[in-house]
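Atoms within each ligand, like the ligands themselves, are counted from 1 in listed order.
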Amino acid sequence: MNETEALKQRIDRLRRERKAVILAHNYELGEIQDIADFCGDSLELSVKAAETAAEVIVFCGVRFMAETAKILSPDKTVLLPVEHAPCEMADMAEAAALREYKARHPEALAVCYVNTTAAVKAECDWCVTSANAVRIVGSLPEERPILFVPDRNLGSYCAEQTGRNLILWEGFCPVHERMTPEQVERRRREYPEAEVLMHPEAPAATVALADRALSTGGMLRYVRESNRREFIIATELGILHRLAAESPDKKLIPLTEQAICPWMKVIRLADVCRALETMQFPIELDEELRRRAELPIRRMLEFR
Ligand code: 13P
Ligand code: SF4
């Protein structure tokens with residue numbers, strides 16, 4: 001048996017013994033997606049974390065995702081298999097700055113993208129993901145201004161789709177920020193039959209050229225169910241692993257080979273195995289902060 005197979009067997013034994021579930025984001029390395037009990041986008045992973053009967057959640061993603069799982073399942077042990085896996089966009093918003101901002105706009109509703117720290121969520125009225133942001137923002141009372149934090153690109157996409165005037169934070173995802181209209185035009189010339197699916201974290205001028213703006217889970221579903229044969233995929237490259245496995249008959253063209261989030265690639269099989277052996281690195285949150293951060297997420301999960 002080779003080393004990888006031995007690791008996988010150890011992980012399987014430990015996950016049974018620990019009564020653990022392994023959740024993985026769609027951008028994680030293929031080796032991690034393949035051993036996960038469930039892969040998904042941020043919304044799907046939050047729902048799983050809230051509903052699982054497992055005692056331990058091993059979260060393969062970036063820190064805010066594991067924190068969200070802990071906020072929703074405080075009695076469970078939530079492990080991030082590496083000590084350091086930040087989301088660079090989430091770290092562009094700090095709770096103290098948000099509090100100051102809110103003090104200047106006391107009439108505003110604060111809406112946070114799920115890509116935020118627990119401390120920022122604790123300051124907010126609503127949480128959204130890329131899968132539900134437009135519907136939730138569109139449902140908020142018309143007379144209240146909306147402060148949207150931290151993604152200025154997802155925020156401006158919501159503003160454009162809903163006709164609402166949002167106050168935007170100046171955050172962005174460094175991976176999607178670099179997606180340009182020129183890249184879309186070039187790919188369309190190369191693949192004139194292909195449909196362009198784009199994550200709404202890309203800049204507004206780039207998203208405007210896409211056929212659809214979708215969350216990663218939305219892209220997987222769309223490609224699976226579509227009769228079209230070719231798709232230009234404008235998001236982080238990790239998604240191609242599942243896309244290719246679920247839709248082997250489709251041609252998938254990345255918008256750019258540069259779209260790699262380094263923090264979504266740090267967790268390896270050996271880290272998952274070590275996490276299950278040593279119960280490292282548990283997410284710990286102050287209970288009062290956790291309770292405040294739970295409110296906007298519960299509102300989101302109950303939103304229909
Ligand atoms: P999704 O919720 O669409 O999976 O996006 C998460 C993310 O971090 C995108 O960069
Ligand atoms: Fe954060 Fe961007 Fe990485 Fe997603 S791709 S985790 S938004 S840095």
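Between the side chains of Y222 and E195, at least one donor-acceptor pair of N or O atoms lies under 3.5 Å. Counted by atom type alone, H199 and T216 present zero donor-acceptor pairs between their side chains at under 3.5 Å.
Of the charged side-chain nitrogens involved, none lies within less than 4.0 Å of a carboxylate oxygen, so that D125 and K102 do not count as a salt-bridged pair.
To the nearest 0.5 Å, atoms CD (E257) and CG (L240) are separated by 8.0 Å. Between the CD atom of Q9 and the CG atom of L14 there is a distance of 12.0 Å, given to the nearest 0.5 Å.
Using a heavy-atom distance under 4.0 Å as the criterion, the protein contacts of ligand 1 are H25, Y27, D41, S42, N115, S130, H176, H199, E201, S215, T216.
The two residues P296 and W126 have their closest heavy-atom pair at CB-C, 3.5 Å.
Sorted by first and then second residue, the salt bridge (charged side-chain N to carboxylate O under 4.0 Å, His left out) pairs involving residues 154-172 (not counting sequence neighbours) are R152-E170.
For the pair R104 and Y101, the cation-pi criterion (under 6.0 Å, within 45° of the ring axis) is fulfilled.
Near atom 3 (Fe) of ligand 2, less than 2.8 Å away, sit the protein N, O or S atoms C261 SG.
In this structure, the ring-ring contact (aromatic ring centres under 6.0 Å, His included) partners of Y27, at least two apart in sequence or on a different chain, are H25.
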